[in-house]
Protein chains: 2
Amino acid sequence: MEIPVNALLLDRETKASERPGDHKDELRLWLRLLTCSTLIESEIRTRLREEFKTTLPRFDLMAQLEKSTTGMTVGEVSQRLMVSNGNVTAVVAGLLADGLVDKRPAAQDRRVQVLTLTAQGRRAFKAMAERHEDWIAELFAGLEPAETAQLFHLLGRTKASLHNAIGRRQSGTPDSAGDQT
Amino acid sequence: MEIPVNALLLDRETKASERPGDHKDELRLWLRLLTCSTLIESEIRTRLREEFKTTLPRFDLMAQLEKSTTGMTVGEVSQRLMVSNGNVTAVVAGLLADGLVDKRPAAQDRRVQVLTLTAQGRRAFKAMAERHEDWIAELFAGLEPAETAQLFHLLGRTKASLHNAIGRRQSGTPDSAGDQT
DNA sequence: GAAAATTATTTCAGACCTAAAATAACTCGG
DNA sequence: CCGAGTTATTTTAGGTCTGAAATAATTTTC
């Protein structure tokens with residue numbers, strides 16, 4: 001894993017600009033990443049609204065619950081989706097009102113609220129998930145398989161860099177093979 | 001640019017799964033892209049709040065204005081940031097109240113509102129932009145230069161794929177060399 | 001075993017964001 | 001010139017999201 005300091009310096013020197021505090025390349029990279037993310041997100045948002053009269057946060061929350069057979073707590077969902085607890089509470093309120101989700105205190109620990117999809121919720125999600133998967137494939141259709149694989153790999157490296165820079169506070173979530181995050 | 005159909009079919013067949021409508025790879029790619037985007041965004045959001053008592057939308061809006069010497073209209077900013085007009089109106093209202101932005105109807109067309117940074121706004125932005133650039137570099141520090149270049153390239157390809165799938169409605173914004181989007 | 005600390009969730013205030021409707025200003029054909 | 005259509009922005013209603021404070025339940029510590 002060790003890279004000689006000389007190699008790093010050489011790499012630095014091969015960069016276009018030589019100004020000392022120049023990080024324009026990383027900035028451009030971030031802006032492009034953000035653009036891609038925003039484009040996909042808003043397209044999915046539009047299609048969910050038009051085709052299923054629902055929203056992305058609701059869909060994402062249901063997707064988490066669908067993956068768990070035993071249900072999830074508010075805190076678990078909040079961590080998975082990387083949103084605040086209060087936000088989960090609010091989105092769940094909407095899903096409860098629509099009868100798509102069930103919420104009940106855990107037997108052992110009455111602080112904990114266990115969330116599960118209702119039968120209706122599972123049906124509704126299944127229909128949406130199928131379409132959603134197609135939409136995503138359609139959006140990435142311009143990339144060849146080797147490119148998507150390479151991109152996936154580099155984003156994994158990016159994720160590791162981010163966790164390293166931010167601090168491994170929530171280090172209980174390694175990027176395991178089956179992990180879709 | 002033409003790729004023989006046979007080559008594509010072969011590529012398809014090399015994939016792990018052979019189920020007909022399987023697009024799990026693209027889904028995983030999207031989720032990982034979203035994770036990276038969310039991690040960066042919320043870290044920058046936190047730092048902007050803690051260090052400058054401001055928000056990301058305000059910073060992004062100011063960044064757009066700073067790049068333009070003659071000012072920008074509400075519509076232009078809205079297109080650049082990929083947010084609704086109404087949202088720009090609201091964020092600008094905050095910046096106006098803080099004396100960071102100036103808004104005035106255009107001389108020729110009084111429907112149009114021209115936005116510019118005030119002197120105070122430029123000062124404030126300059127201080128933030130410097131730190132912001134460092135933060136981004138710090139977050140990507142785990143990638144080697146060759147990797148950031150490769151990632152930048154692949155995200156460019158992704159962007160093209162997205163525009164192609166979504167429809168080139170706003171085709172007036174090509175991904176030119178100096179374009180930071 | 002009860003006070004203190006911790007943990008899980010909700011509430012709150014405030015900012016963001018959207019889509020759609022409303023408003024205001026411009027252009028253009030007749 | 002004048003009304004129909006277009007364009008730029010604002011307003012509105014409603015959902016999303018946050019951080020911090022409040023509430024409630026559990027665990028720890030003495």
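Predicted, not measured: the structure shown is a model, and the values here were computed from it. Note on naming: letters A, B, ... go to the chains in the order of the sequence lines (proteins, then strands), and numbering restarts at 1 for each one.
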Which whole-number value in Å describes the distance from B/L61 CG to C/dA15 C1'?
14 Å
salt_bridge(A/R47, A/E43) N-O dist < 4.0 Å:
yes
For B/E51 and B/W135, what are the C-alpha separation, side-chain angles and deciding distance, and is it a side chain to side chain contact (heavy atoms under 4.5 Å, CB included)?
CA-CA 12 Å; B/E51 214 163 299; B/W135 295 338; 3.7 Å; yes
Assess, by modelled atom type and distance only, whether the side chains of A/T118 and A/D102 contain a donor and an acceptor separated by less than 3.5 Å.
no
Options C/dA19, C/dT10, C/dC16, nucleotide nearest the side-chain atoms of A/N85
C/dT10
Nearest whole angstrom, please: distance from the P of C/dA15 to the NZ of B/K53.
15 Å
How would you label the contact of B/R45 with the nucleic acid (heavy atoms, under 4.0 Å): base, sugar-phosphate, or nothing?
nothing
note: B/N87, atom CG; C/dG14, atom P; distance rounded to Å ~ 19 Å
Counting only heavy atoms and a strict 4.0 angstrom limit, can you tell me which residues of residues 91-116 of chain B come near DNA chain D?
B/K103, B/R111, B/V112, B/Q113
Measuring only between side-chain heavy atoms, which start at C-beta, is B/M62 closer than 4.5 Å to B/T54?
no
Could you give the distance from CZ (B/F59) to CE (B/M128), rounded to the nearest 0.5 Å?
6.0 Å
For B/M82 and C/dC16, give me the distance from atom CE to atom P, rounded to whole Å.
18 Å
Going 5' to 3' along DNA chain D, which nucleotides are the first and last within contact of chain B (any atom under 4.0 Å from a heavy atom)?
D/dT7 to D/dG19
Any side-chain heavy atom of A/K67 within less than 4.5 Å of one from A/Q64?
yes
Any base atoms under 4.0 Å from B/G86, or only sugar-phosphate, or nothing? Heavy atoms, all strands.
base
Pi-cation contact, B/F152 with A/R28 (under 6.0 Å, within 45°):
no
Base, sugar-phosphate alone, or nothing: which one does A/T55 contact when heavy atoms must sit under 4.0 Å apart?
sugar-phosphate
For B/E41 and C/dC16, give me the distance from atom CD to atom P, rounded to whole Å.
13 Å
Could you check whether any side-chain heavy atom of B/S161 comes within less than 4.5 Å of a side-chain heavy atom of A/E138, counting everything from C-beta outward?
no
Nearest-Å distance for atom pair CD/P, residues A/E76 and C/dT7
15 Å
Residue set satisfying salt bridge (charged side-chain N to carboxylate O under 4.0 Å, His left out) with A/D109, at least two apart, ordered chain then number -> A/R111
Whole-Å distance, A/L48 CG to C/dT18 C1', equals 14 Å
May I ask you to say what A/T73 touches in the nucleic acid, namely base, sugar-phosphate or nothing, with a heavy-atom cut-off under 4.0 Å?
sugar-phosphate
